[in-house]
Engineer: 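One structure coming up, written as structure tokens, with questions to follow.
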Amino acid sequence: MQQRLRPLVRFDGEPEVIRTAAGLDVAYREEVDELVAAVTVLDVASLSVIDNVVVRGEPEFPYVSGLFAFREAPPLLEALTRLSVEPDVLVCDGQGLAHPRRFGLACHLGVLTELPSIGVAKTAMGRYEPPNEQRGDWSPIRYDEEIVGRALRTQRGVKPVFVSLGHRFTLDAACELVLRLAPRYRLPETTRSADRLGRSMPNEE
DNA sequence: GCGACAG
DNA sequence: ATCTTGTCGC
């Protein structure tokens with residue numbers, strides 16, 4: 001399926017202006033075999049929350065590296081349909097092109113929704129040299145000799161995040177956006193907000 | 001058998 | 001992902 005959908009990824013059609021950005025994340029409660037898909041839409045200028053959606057469900061696919069989207073994309077797509085506003089870009093918690101078949105979660109969600117998307121992962125899938133120490137410094141991520149993304153330093157003295165393209169975006173714009181979304185912490189506020197939202201959902205109905 | 005291994 | 005323990009800084 002990934003090989004079939006891969007050709008649908010485009011890197012043009014980037015938004016003229018990016019006013020809103022959605023953060024997507026999935027939280028798990030293994031003890032009750034439940035997952036919570038959380039999507040939050042932020043105003044990029046103020047980083048204030050515009051919309052929140054959570055969807056409860058059960059995992060229907062195991063976690064397998066390289067097949068991550070088959071676990072998390074279904075509940076996230078369901079949550080996206082319930083948004084009251086259409087975000088200008090999806091900031092996904094995982095890889096985009098930095099993937100064995102160049103079709104990570106960010107590409108998957110971008111192609112299926114036809115919305116611009118980028119991937120911001122906490123660990124790298126390819127090889128990279130550590131970027132310099134200043135906020136904004138970056139180094140290329142290579143996977144099979146091919147440049148698939150950037151290790152981006154969002155805070156001084158902190159491990160970089162791993163940015164790769166999902167759909168309808170450019171790598172320069174993706175890194176610029178991530179820096180805007182991460183003025184204080186390592187991870188973009190979109191990811192932090194969605195993570196907080198999913199994790200704070202009470203048990204049961 | 002050994003090293004890798006998004007979340 | 002989640003959990004636990006310990007350190008550092010505001």
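All heavy atoms count here, side chains included; hydrogens, waters and symmetry mates do not. Below, read A as the first sequence line, B as the second, and so on, with proteins coming before strands; counting in each chain starts at 1.
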Engineer: Between P on C/dT2 and CZ on A/Arg29, what's the gap in Å once rounded to a whole number?
Structural biologist: 10 Å

Engineer: Hunt down any stem DNA chain B takes part in, defined as 3 or more consecutive Watson-Crick or G-U pairs whose two distances are each under 3.5 Å.
Structural biologist: none

Engineer: Ring-plane angle category for A/Phe70 and A/Phe61, please: parallel below 30°, perpendicular beyond 60°, tilted otherwise.
Structural biologist: tilted

Engineer: Assign A/Leu67 to base, sugar-phosphate, or nothing according to its heavy-atom contacts below 4.0 angstrom with the strands shown.
Structural biologist: base

Engineer: To the nearest 0.5 Å, how far apart are CD1 in A/Ile118 and CG in A/Leu165?
Structural biologist: 8.0 Å

Engineer: Under 3.5 Å, side chain of A/Arg199 to main-chain N/O of A/Arg196, donor-acceptor pair present?
Structural biologist: no

Engineer: If only atom types and distance count, is the side chain of A/Ser117 paired as donor or acceptor with the main-chain N or O of A/Ala106 below 3.5 Å?
Structural biologist: yes

Engineer: Any salt bridge between A/Asp93 and A/Lys122, counting N to O under 4.0 Å?
Structural biologist: yes

Engineer: Residues in ring-ring contact (aromatic ring centres under 6.0 Å, His included) with A/Tyr28, at least two apart?
Structural biologist: none

Engineer: Could you give the start and end, 5' to 3', of the contact zone on DNA chain B for chain A, using atoms under 4.0 Å from its heavy atoms?
Structural biologist: B/dC5 to B/dG7

Engineer: Are the side chain of A/His167 and the backbone of A/Cys107 linked by a donor-acceptor contact shorter than 3.5 Å?
Structural biologist: no

Engineer: Just to be sure I understand the geometry, which residues of residues 92-128 of chain A put a non-hydrogen atom under 4.0 Å away from DNA chain C?
Structural biologist: A/Asp93, A/Lys122

Engineer: Check whether A/Arg19 reaches the backbone of A/Val44 with its side chain - one donor and one acceptor, N or O, closer than 3.5 Å.
Structural biologist: no

Engineer: Any sub-3.5 Å donor-acceptor pair from A/Ser164's side-chain atoms to A/Gly96's backbone N or O?
Structural biologist: yes

Engineer: Would you kindly give the CD-to-C1' distance between A/Glu34 and C/dA1, to the nearest whole Å?
Structural biologist: 14 Å

Engineer: I'd like to know if the side chain of A/Arg6 reaches the main chain of A/Arg102, judged simply by a donor and an acceptor atom lying under 3.5 Å from each other, with no hydrogens or angles considered.
Structural biologist: yes

Engineer: Can you name the nearest heavy-atom pair linking A/Asp88 to A/Thr20, along with the distance?
Structural biologist: OD2-N, 2.9 Å

Engineer: Looking across every strand, which nucleic acid part, if any, lies under 4.0 Å from A/Tyr63 by heavy atom: base, sugar-phosphate, or nothing?
Structural biologist: base

Engineer: Please convert DNA chain C into dot-bracket. A pair counts if it is Watson-Crick or G-U wobble with both distances under 3.5 Å; crossing pairs go in [ ] and bases paired with another strand get |.
Structural biologist: ..........

Engineer: Is there a donor-acceptor pair closer than 3.5 Å between any side-chain N or O of A/Arg186 and the backbone N or O of A/Val158?
Structural biologist: no

Engineer: Under 3.5 Å, side chain of A/Ser139 to main-chain N/O of A/Tyr128, donor-acceptor pair present?
Structural biologist: no

Engineer: Generate the contact string for nucleotides 4-10 of chain C. Rules: B means base contact, S means sugar-phosphate contact only, - means no protein heavy atom under 4.0 Å.
Structural biologist: -------

Engineer: For the side chain of A/Gln95 and the backbone of A/Thr123, is there at least one donor-acceptor N/O pair under 3.5 Å apart?
Structural biologist: yes

Engineer: Tell me whether A/Arg153 contacts the main-chain N or O of A/Asn132 through its side chain, where contact means a donor paired with an acceptor under 3.5 Å.
Structural biologist: yes

